[in-house]
Structures are given as structure tokens and as C-alpha cells.
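Accompanying notes for the structure given below.
Hydrogens, waters and symmetry mates play no part in the numbers below; they use all other heavy atoms, side chains included. Ligands are counted one by one from 1 in listed order, and the atoms in each one are counted from 1 as well.
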Amino acid sequence: MTFKQDFLWGGATAANQLEGAFDVAGKGLSVADAMPGGKSRMQILGSDTFDWSIDADKYMYPNHKGIDHYHRFKEDIALFAEMGFKCYRFSIAWSRIFPMGDETKANEAGLAFYEQVIDECLKYDIEPVITISHYEMPLNLAKAYGGWKNREIVGFYENFAKAVLTRFHTKVKYWMTFNEINSAIALPALSQGMVATTGGDQQQNIFQAWHHQFVASSLAVKIGHELNPDLQIGCMIIYATTYSYDSNPVNQVATMLQNQAFNYFCADVQVRGEYPAYTQKLFKEKGVSQLAIEDGDLALLKAYTVDYVGFSYYMSAVQNVTDKDADTVDGNILGGVKNPFLEASDWGWQIDPTGLRIALNDLHGRYQVPLFIVENGLGAYDKVEADGTINDDYRIDYLAKHIQAMSDAVEDGVELMGYTPWGCIDLVSASTGEMSKRYGFIYVDLDDNIEGTGNRSKKKSFEWYKKVIATKGEDLTND
Ligand code: BG6
């Protein structure tokens, strides 16, 4: 067997993308609730005028309803159990626990909801894997405080982390402090609650906000380990294996710099507990001046590093600074130069299973801590046949090749804890707010306007993944 006996096979979701019930049981608005649906979502968030206003006459807000997992979680978790999930990665909506973000007392109804979700997982021996904050900070913290660039958010997050860790540490062993913390470099709205109208220099804001998030992450590790030293608390980054376009050393250097700026910077701090040696050079490149760092911050970062690296992997990227006219593609947060050796998804994300083997070796070699692939998958249009079947062979092909790459990396010596493919049940896309960009093993009958029955049905990949888990990743065939 390549994968270890206790390998965590499962699936991943995020509260804001599937729960719906955006104003139920005391929940406050989150930044995700203010994000319009549709392919222009990122342009709207990135515009000079976006100020977090919700304008229901102009836009549709798909996250408000999601797939109504809030009311249907038992049915959904039963389907995960039927596939044989050993774990389920989900996030806690911060605004269910602290509706405005700045309260001192947690909302019991919010905690009670997640307690039910956790208990439902445990009923089936499914290990909950919790992302404390996944693109869903309370809207009030973005609007009234200016998001993570404001030091006060550290204390609010500390309250939030303390509330959920204290309540659930006896039931939940695996945690992550922030989803894709490094994604802020491209669009700080999602993970840092900052847009152009927040004011100030955007690059300066991003790095200052990161410092606050690093401190907050260390505080969560401290709280968690003091409650129970066995808790495993990880960071979570978005990783795109990055190739030089050619053997021109100039492009090789550009690739090295891009790796530092995008793939490594946050994890370097969170795993090693200190700012990396290239920090000043990076600041200079980005036009960032010295950050406001308080006494005790650096000691805290050093003392409370993460236990593992969780990461998402969807695609790879190419660096080419010598040919400005090279063809480009879209991508997950970062687009870039087209790789002539790779196919792309319908959304322009370049599919590269071999890049995952490289990613695993690179991260393990660099950090020497266990790795956890907490997102991977193919966003695709699915067709429901007249008899109700959904033959998603393209998804099976994508996942099988990525699991094979994982297997190769484990043979290379990489320590891999688990694998939770993204959107194990169809949910609202983060970058485009669409339902039609589907990742799931389970189909949800809803369109981009969140209209439909909401009924769940099994795609062909459902039975396939069930077999993969049952054979511990040994049988990847599609028959
Ligand atoms: C990751 C995010 O970047 O990619 C998820 O953590 C997101 O929230 C996933 O859903 C897939 O991206 P998208 O835009 O296809 O939903």
C-alpha cells in the first residue's frame, strides 16, 4: 500500500459557499454575502468604487442561499459517509459565531449549529477538519475597521478562535487557521476584507494585514495547543507549481522570485516562525515600507508555528519575462503565460497532475513537516442525461491522475496526511459565484440563480471515489 492506513481521504467545502441561511439564527453578514454572482465578480471586487454595499436590484447574491447545506447537512454528510469519507474539511462562518465580529460574547446558536455538524460527522467516524476562517470575515470588520490591515482584527479573531477551539477541541483534532492566506497578493477582498475604497496603498495594506494574520494564526496555535497539545493546527496556502518558460536564466530567476513572492512567503513565516531572508528585497520590489510590528510579535511567531502545511493545488503556472507577447491563460487567482504542454479547464486553469508531484516534493523538502492536500479538483460543466445520470469521466480522469501523482510523491518520500478534493458536493464558485462551475461527486439541482429543486444526486465519480477510498488509493481505474 502506498498510502498509509490512517490516510485522511475526504472532501472539502467552505461555509459561505454551501450553507446559505445567510441571516438565520443570529448570523451577521460576511464579506462573502456582499459578493455578487457571475463571471465579473472579481472585476467588481477589484474595481475602484466597490465599497461592500449590497445592491439586490443590480446584482444577485448566490452565497445567501448556497445549496442550503445549513438545513440539509445531515443528508449531505450521509452521502459523504456512503463514499467512505475518513474526514470532512469545512469552515466555520465567523459571522455565525460573532455576527458583527467585534462582540465579546459568542452567539450560542452558531456554536450549536457547528456542534451538530461535528457530531453528525463523528457518528460516521468522519474526522472533522476545520478551517477557522475561509473567505468569510464579518462584513462589519471589513466596512467599519478596514479589514485585516487594522490591528484590532487580531483581537477579534483571537476571540473567535478561542470560542471555537474551546468548544470543539475535544471533538476536532485537525484545524487550519486561514484559507489560502497567500491569495491576498492578487485579491485581498476575500481573505483580508480589503478593497480599493478601504484606502491607503494596497501593497502596504496587504503585507501589514498578513503580519496581523500571522500573529493571529500563532495565537490560535497557542490557544489550541494549550487546550490540547495533540491538536494538529496547520496553515493553508494556495500553491501553483511554477515553471520557467525556457532555460533562459533570466526566466529562471523570475521563477525563483515568483515562488518567493507567491508560493513561499506566508508559509515561510508560519512554518519557520520568522520572516524569510528575502523579505526586505520583496518589500522593496512591492514598494512596501517597514511594517508596524509590536513588541512580542516576532517571539510569538517563533514560539507558535504550525504543525503541518495544508494547501490547495489546481493548476501550474509559467514565468516568462523575456517574451511579453506570449499567449496567456486565466487561472486560480493568478493567470499567466500559456504552457504549450498542458490542457486547460473551461475556466482556463491549466491541468497539470505532474505539477502536483513537484509541489509535494518542493513543499516537503522546504519545510520538513507533514503535508495535507486540502483542495484539488476540476471545475466543469456537468450534463444531466435524460435518465438522470451524470457521466463526469473528465472529472474522474483529472482526479485519478492527481491521485497517481500523490502516490508517486509518497514513493518519493513525501509525508502526506490526506486528500480532500474541493467541492465534494456542488457549491457556489468562489471566483465567479456560479453554480454551473461544478466540482462535486454529488450533483445539486440548482442553477446560477440558485433556482431549482436543490435535490442531490450521485454523479459517476461518486461510485469511483468510493472505490478509490475503499482500495486506499490502489484502484484508480474508471470502469
Ligand atoms: C480555492 C478556494 O481557491 O479554490 C475555494 O479556497 C474555491 O474557496 C476553490 O472555491 C475553487 O475556486 P472556484 O473559483 O472555482 O470556486
Side-chain angles (χ1 to χ4, degrees), residues 11-19 30-33 35-46 62-63 66-67 69 89-94 129-137 176-192 234-240 262-263 266 309-317 329-335 344-351 356 359 372-382 394-395 398-399 402 419-440 444 446 448 450:
T13 64
N16 76 84
Q17 292 171 251
L18 90 166
E19 283 178 3
S30 77
V31 290
D33 293 323
M35 295 184 187
K39 289 194 193 295
S40 54
R41 170 179 269 193
M42 289 299 166
Q43 282 92 307
I44 295 168
L45 297 182
N63 302 60
I67 61 164
H69 178 76
R89 173 186 177 226
F90 59 94
S91 68
I92 294 185
W94 188 342
V129 176
I130 294 185
T131 319
I132 296 177
S133 180
H134 187 133
Y135 294 166
E136 53 217 336
M137 74 188 298
M176 275 166 277
T177 53
F178 291 101
N179 182 64
E180 294 189 336
I181 186 167
N182 55 330
S183 67
I185 197 71
L187 199 84
L190 299 181
S191 57
Q192 296 183 327
C235 62
M236 193 313 203
I237 57 166
I238 176 173
Y239 186 99
F262 183 65
N263 283 324
C266 293
V309 173
F311 70 102
S312 65
Y313 178 85
Y314 291 93
M315 51 163 283
S316 60
V329 284
D330 291 334
N332 186 12
I333 314 283
L334 294 184
S345 77
D346 288 335
W347 278 261
W349 299 19
Q350 303 190 98
I351 300 167
L356 178 57
F372 197 163
I373 302 168
V374 293
E375 286 186 34
N376 172 241
L378 180 70
Y381 294 106
D382 289 333
Y394 36 88
R395 183 167 293 109
Y398 178 103
L399 295 170
H402 283 77
Y419 179 61
T420 56
W422 176 249
C424 45
I425 182 166
D426 291 346
L427 40 62
V428 177
S429 148
S431 59
T432 57
E434 296 168 295
M435 271 305 296
S436 48
K437 188 181 188 188
R438 297 174 184 275
Y439 288 86
V444 179
L446 290 172
D448 287 340
I450 316 293

Any idea which part of [X] is under 4.0 Å from ligand 1, heavy-atom wise: side chain, backbone, both or neither?
| X | answer |
| --- | --- |
| I238 | neither |
| S429 | both |
| W347 | neither |

Output the list of atoms in ligand 1 that are nearer than 4.0 Å to some heavy atom of [X], sorted by atom number.
| X | value |
| --- | --- |
| Y439 | 11 (C), 12 (O), 13 (P), 15 (O) |
| H134 | 5 (C), 6 (O), 8 (O) |
| K437 | 13 (P), 14 (O), 15 (O) |

Check the side chains of Y135 and S183 for a donor-acceptor pair under 3.5 angstrom, ignoring hydrogens and angles.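 Yes, side-chain donor-acceptor contact under 3.5 Å.
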Between S312 and E180, do the side chains contain a donor N or O and an acceptor N or O under 3.5 Å apart?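 On atom types as modelled, these side chains qualify, holding a pair under 3.5 Å.
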Using heavy-atom distances only, which candidate in M236, E375, E136 approaches atom 6 (O) of ligand 1 most closely?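 Among M236, E375, E136, the closest heavy atom to atom 6 (O) of ligand 1 belongs to E375.
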Using the ring of W349 (Phe, Tyr or Trp, six-membered ring only), decide whether K437 places NZ or CZ under 6.0 Å from its centre and within 45 degrees of its axis.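 Yes.
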If I apply the N/O under 3.5 Å rule, does [X] come out as touching ligand 1?
| X | value |
| --- | --- |
| T432 | no |
| W349 | no |
| Y135 | no |

Just by modelled atom types, is the N16 backbone N or O under 3.5 Å from a matching donor or acceptor in the E136 side chain?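 Indeed, once roles are kept as given, a pair shorter than 3.5 Å links the two residues.
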Spell out, as yes or no, whether a donor-acceptor pair under 3.5 Å connects the side chain of N376 to the backbone of Y313.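 Yes.
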Residue list, salt bridge (Lys or Arg N to Asp or Glu O under 4.0 Å) with D448, at least two apart or on another chain: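 So D448 forms no salt bridge (Lys or Arg N to Asp or Glu O under 4.0 Å) with any residue.
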Do Y381 and W347 have ring centroids that are under 6.0 Å from one another?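 Yes: the rings meet the under 6.0 Å criterion.
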